[in-house]
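Quick note on labels: first sequence line is chain A, next is B, and so on, each numbered from 1.
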Amino acid sequence: MGELRRTHDCYSITEESLESEVTLMGWVHRRRDHGGLIFVDLRDRAGITQVVFAPEVNKEAHEKAHSLRSEYVIAVRGKVRRRPEGMENPKIKTGMVEVACEELRILNTSKTPPFPLDEEKDVSENVRLKYRYIDLRRPVMLENLRLRHNVCQAMRTFLSQKGFFEIETPMLTRSTPEGARDYLVPSRVNPGKFYALPQSPQLYKQILMIAGMEKYFQIVRCFRDEDLRADRQPEFTQLDMEMSFVKEDDIIELIESLMAFIFKQTLNVDVSIPFKRLTYKEAMERFGTDRPDMRFGLELVDITDIAARCGLKVFNAVASSGGVVKAINAKEMADLSRKDLDVLTEFAQSLGAKGLAWVKIKEDGSWQSPIAKFFKDEEQRAIMERLDAAPGDILFFGADQKATVFKVLGELRIELAKRRGLIPEDRFDFVWITEFPLLEFDEDEGRFKALHHPFTAPMKEDIELLDSDPGSVRSRAYDLVLNGIEIGGGSIRIHQQGVQKKVFKVLNIPDEEAEEKFGFLLEALTYGAPPHGGIAFGLDRLVMLMAGRDTIRDVIAFPKTQKAQCLMARAPAEVSMAQLAELYLRPDWKKAE
RNA sequence: GGGGUCGUAGUUCAGUUGGUGAGAACGCUGGCCUGUCACGCCAGAGGUCGCGAGUUCGAGUCUCGUCGGCCCCGCCA
């Protein structure tokens, strides 16, 4: 760089800098070589500034500029001047001015990048991930990471101001039963023993409450060795929080202010608080899911009672065997073609439905449907009234066990909304889901498992049901859902050893195992554990939604592929025998047949 | 573990029922060009059609296997 020192970035060169000498450093975004006159769009993290190389300003710099290529790293010293009349570029912020180069230094050359980074053009993700350092230079990716930084910054500002301590918890911890598969780390000094990377700092943050920290948060990496999705990575980041002496509403209100603060600070968006609230039961009944997208209607309506007395045997059978019949009124969608309906039927079947019954409402209010003949006039009227059906509407029916109907109609609801463009893109619709079941029955294992985690407190009024009817016990858990995606979840925790032991018992975790795995928590609960509760947010998902992206990979600097590999660093990788031996690991592994 | 989809030049893609030397755009290289900003004009280079078998007189195209990207189900307290 010689004696050159950077004085400005490529965003701050404006008319205020006219006539002053500046030094810029950055990458050659594009070169337009006119022979006698050369233009270079110089790009840095902040923006783009046009640099002009003219022989009358500096002959040497002009000559050297012929050799510039895309992504060369250069330093440019020169004077800021107004562009000639009519030559302004209104598309960029610095478009009124340019820098006339008096000295050019090539700080580094570059091979031709493997893909263009100037446009929004879609490049396959494997190439982008292999050359992630180039991908991240693209302004859109840079902005995603900038937003992520700003969101973290807002979280820290807000929580510090509210009296929270940011406290780190261990990355090398112990494997716990329940929950996701752990990533294991062998211990060299303890042959045959393994650490686990944390799935969340759950136990540590509860211990911190018992330790009297009162208000804790951490922006922390978590690990789960499960298959990937667009919104799931094996390592992800969460905003983890815990507070003592609180109830549900304390946490909910705090989080609403936090979200409002984050959105205002980073996007200048006003989100309206308080957020809507739905109980788990209501969410399932009306939307078929515990993470409903509230940006559109198409709600599920129960018609089991009418279905029970109609002439359609499939409906009767479902109604009399404990199942449900529900319907969606797709307003003004009766123009769906036979082919559309076939596709939707296949869609429903792929989710476990046996079929997909539909009814088109004709101009005169009569039914056009393969199942019309099984319904008396009175039954048709009753259904139409309940669904608020009018000519031009089409009704879809789901009849099966509850879980299937919820899933099928819940997904159908989203599919219909997508097809018809009913989902407003620019809205942020939050909703709290409360009163989750504490437990759910695992058919495979033949026992109850915790829906959230085994430290979630049951609702007081349901505690005695723990013995008689565990499946109906509601918990003091709450999830925050944004635009149909779960972005956070938490609960009031159990702070009494007796209750915790009882829950372990219902979960069929033997005393010895509870003692072995969670003994330190059970013991800590006996030394003055305050009532406490908390919540954790998926930072990646939140930023993804705020950035309007479809995958969290776009807001993570170095994400992994669906095979859980890093294409750039090529991880995971084989290790030497010596390394394995040092860890007392046998290298003769084989994939189980 | 399962279903779907994709893989052809550096990139994004086209390539018909299997049939002449595998194409386009952008990018790249060289030349010309003093007001461009997706600069323009001229010329040129660039391919293991992901990989491996098979069918066939003949395979980018068909079959099987395999590797990889993406989407989904299962899984994800």
Side-chain angles (χ1 to χ4, degrees), chain A residues 29-42 48-57 62 66 69-71 81 83-92 94-95 98 100 111-131 134 176-182 198-200 202-203 222-234 236 346-347 349-352 407 411 415 436 438-440 442 444 448-456 475 477 486 489-491 503 507 509 536 538 550-551 553 559-563 565 567 570 591-592:
Chain A
H29 192 61
R30 195 174 284 121
R31 179 186 61 127
R32 292 177 293 280
D33 190 340
H34 290 225
L37 194 61
I38 299 169
F39 299 95
V40 163
D41 290 339
L42 185 64
I48 284 178
T49 294
Q50 173 166 283
V51 180
V52 188
F53 298 88
E56 62 267 24
V57 175
H62 172 259
H66 282 300
R69 295 293 182 272
S70 285
E71 298 308 302
R81 65 186 193 194
R83 294 192 185 188
E85 189 77 26
M87 298 302 157
E88 301 87 355
N89 182 357
K91 284 187 242 170
I92 57 175
T94 60
E98 62 192 11
K111 293 208 291 187
T112 303
F115 52 88
L117 56 149
D118 45 313
E119 290 168 61
E120 268 283 357
K121 206 169 187 180
D122 281 334
V123 176
S124 70
E125 208 161 345
N126 51 347
V127 180
R128 286 175 52 203
L129 289 175
K130 182 173 175 191
Y131 299 98
I134 294 168
T176 52
E178 310 282 304
R181 202 173 287 120
D182 285 319
Q199 295 181 27
S200 92
Q202 183 60 37
L203 290 172
C222 302
F223 304 86
R224 291 174 194 179
D225 186 6
E226 299 292 345
D227 287 349
L228 291 85
R229 288 282 192 285
D231 61 356
R232 274 169 24 192
Q233 285 271 308
F236 59 97
E346 258 177 60
F347 176 77
Q349 284 169 336
S350 75
L351 294 166
K407 185 167 164 193
E411 292 294 331
E415 179 64 23
F436 280 84
L438 183 70
L439 310 160
E440 69 183 340
D442 186 312
D444 294 336
F448 282 102
K449 292 184 106 168
L451 194 72
H452 272 80
H453 55 61
F455 318 107
T456 303
S475 69
E486 180 199 325
S491 62
V503 169
L507 288 171
I509 301 175
D550 296 322
T551 163
R553 292 188 299 276
K560 299 202 165 37
T561 68
Q562 203 155 56
K563 277 269 190 331
Q565 295 178 5
L567 295 182
R570 288 181 303 143
K591 193 167 179 179

Run the salt bridge (Lys or Arg N to Asp or Glu O under 4.0 Å) test on A/Glu125 and A/Arg553 for me, step by step, so that the C-alpha distance in whole Å, both residues' side-chain angles and the decisive distance to 0.1 Å come before the verdict.
CA-CA 10 Å; A/Glu125 208 161 345; A/Arg553 292 188 299 276; 2.5 Å; yes
Compare all side-chain heavy atoms of A/Pro114 with those of A/Ile134 and state whether any distance is below 4.5 angstrom.
yes
Which part of the nucleic acid, if any, lies within reach of A/Arg81 when heavy atoms closer than 4.0 Å are counted: base, sugar-phosphate only, or nothing?
base
Nucleotide B/G27, atom P - distance to NE2 of A/His29 in whole Å
13 Å
Measure the NE2-CG distance between A/His453 and A/Leu507 for me, rounded to the nearest 0.5 Å.
12.0 Å
To the nearest angstrom, how far is A/Leu117 atom CG from B/G10 atom P?
18 Å
Protein-nucleotide distance (A/Leu451, atom CG; B/C76, atom P), rounded to Å:
11 Å
Establish whether the base of B/G7 is bridged to the side chain of A/Asn126 by a donor-acceptor pair shorter than 3.5 Å.
no
Separation of the C1' atoms in B/C57 and B/C67, to the nearest angstrom:
32 Å
Give one of base, sugar-phosphate or nothing for A/Ala54, where a contact means two heavy atoms less than 4.0 Å apart.
nothing
Taking only the C1' atom of each, what is the distance from B/C33 to B/C42 in whole angstrom?
11 Å
Taking atom C1' of B/U34 as reference, at what distance in whole Å does atom CZ of A/Arg83 sit?
15 Å
Does a side-chain N or O from A/Gln199 land closer than 4.0 Å to OP1 or OP2 of B/C76, or not?
no
Can you find a side chain N or O atom of A/Ser124 that sits less than 4.0 Å from OP1 or OP2 on B/G7?
no
Atom CG of A/Asp550 and atom P of B/C71 are separated, to the nearest Å, by 9 Å
Checking all strands, does A/Asp225 fall into the base, sugar-phosphate, or nothing category for heavy-atom contacts under 4.0 angstrom?
nothing
Considering every strand and a 4.0 Å limit on heavy-atom distances, what is the contact class for A/Glu98: base, sugar-phosphate, or nothing?
base
Selected nucleotide, minimal atom distance to A/Arg553 side chain, candidates B/G74, B/U34, B/C70:
B/C70
Regarding the side chain of A/Glu226, the nearest nucleotide among B/G69, B/C75, B/C71 is B/C75
Set of side-chain hydrogen bond (donor to acceptor under 3.5 Å, both in side chains) partners for A/Arg81, sequence neighbours left out:
A/Glu98
Between B/C75 atom C1' and A/Arg232 atom CZ, what is the distance in whole Å?
7 Å
Expressed as a whole number of Å, how far does the C1' atom of B/U17 sit from that of B/C71?
32 Å
Across the strands shown, which category fits A/Pro84 at heavy-atom distances under 4.0 angstrom: base, sugar-phosphate, nothing?
base
For the side chain of A/Ala230, counting heavy atoms from C-beta on, which of B/U36, B/C71, B/G30 is nearest?
B/C71
Between A/Gln50 and A/Pro113, name the one whose nearest nucleotide on RNA chain B is closer to the 5' end.
A/Pro113
Pairwise C1' distance for B/G10 and B/C76, with rounding to whole Å
39 Å
For B/U61 versus B/U8, give the span between their C1' atoms, rounded off to a whole number of Å.
11 Å
Sugar-phosphate only, base, or nothing, as touched by A/Glu85 at under 4.0 Å among non-hydrogen atoms
nothing
Expressed as a whole number of Å, how far does the C1' atom of B/U16 sit from that of B/A59?
15 Å
What I'd like to find out is whether the side chain of A/Gln565 reaches to under 4.5 Å of the side chain of A/Arg570, using heavy atoms alone.
no
Can you see if the side chain of A/Arg31 gets near the phosphate of B/C28 - specifically, an N or O under 4.0 Å from OP1 or OP2?
no
With a 3.5 angstrom cut-off on both distances, give the Watson-Crick or G-U wobble partner of B/A25, or none if there isn't one.
B/U11
Considering only heavy side-chain atoms of A/Gln565, the closest of B/G10, B/G68, B/U34 is B/G68
Look at the side chain of A/Thr551 and decide which nucleotide, out of B/C70, B/C28, B/C71, has an atom nearest to it.
B/C71
Side-chain heavy atoms of A/Thr561 within contact of A/Leu567, under 4.5 Å:
yes
Within the 4.0 Å heavy-atom criterion, would you say A/Ser200 contacts the bases, only the backbone, or no part of the nucleic acid?
base
Once you round it to whole Å, what is the distance between P of B/C41 and CZ of A/Arg32?
16 Å
Taking 4.0 Å as the cut-off, does a side-chain nitrogen or oxygen of A/Thr561 come that near to OP1 or OP2 on B/G69?
yes
Heavy-atom nearest nucleotide on RNA chain B for A/Val127 versus A/Leu351: which residue maps closer to 5'?
A/Val127
Nearest-angstrom distance from the residue atom NZ of A/Lys560 to P of B/C76:
21 Å
Checking B/G35, B/U11, B/C28 against the side chain of A/Phe39 (C-beta onward), the nearest is B/G35
In plain terms, say whether A/Asp41 and A/Arg32 are close enough for a salt bridge, that is, a side-chain N and a carboxylate O under 4.0 Å apart.
yes
A/Arg69 side-chain N/O to B/G30 phosphate OP1/OP2 under 4.0 Å:
yes
According to a strict under-4.0 Å criterion, is A/Arg128 in side-chain N/O contact with OP1 or OP2 of B/G69?
no
I'd like to check the side-chain hydrogen bond (donor to acceptor under 3.5 Å, both in side chains) partners of A/His66; sequence neighbours left out, ordered by chain and number.
A/Asp33
Respond yes when some side-chain nitrogen or oxygen of A/Arg229 is under 4.0 Å from OP1 or OP2 of B/C73, and no when none is.
yes
Write down the distance separating the P atoms in B/A43 and B/C26, rounded off to the nearest Å.
14 Å
Any side-chain N or O of A/Lys91 less than 4.0 Å from the OP1 or OP2 oxygen of B/U36?
no
What nucleic acid atoms does A/Lys130 come within less than 4.0 Å of, heavy atoms only: base, sugar-phosphate, or nothing?
nothing
Are B/U36 and A/His34 stacked, with the base six-membered ring and the side-chain ring centres under 5.5 Å apart and planes under 30°?
no
So if I take every side-chain heavy atom of A/Pro55 and compare against B/U34, B/G68, B/G1, which nucleotide ends up nearest?
B/U34
Partner lookup for B/U55, please. Criteria are Watson-Crick or G-U wobble with both distances under 3.5 angstrom; report none if nothing qualifies.
none
Student check: side-chain heavy atoms of A/Thr112 and A/Ser70 closer than 4.5 Å:
no
If you measure from the P atom in B/C73 to the same atom in B/A9, how many Å do you get, rounded?
32 Å
Whether A/Phe115 stacks on the six-membered ring of B/U11 base, 5.5 Å and 30° limits:
no
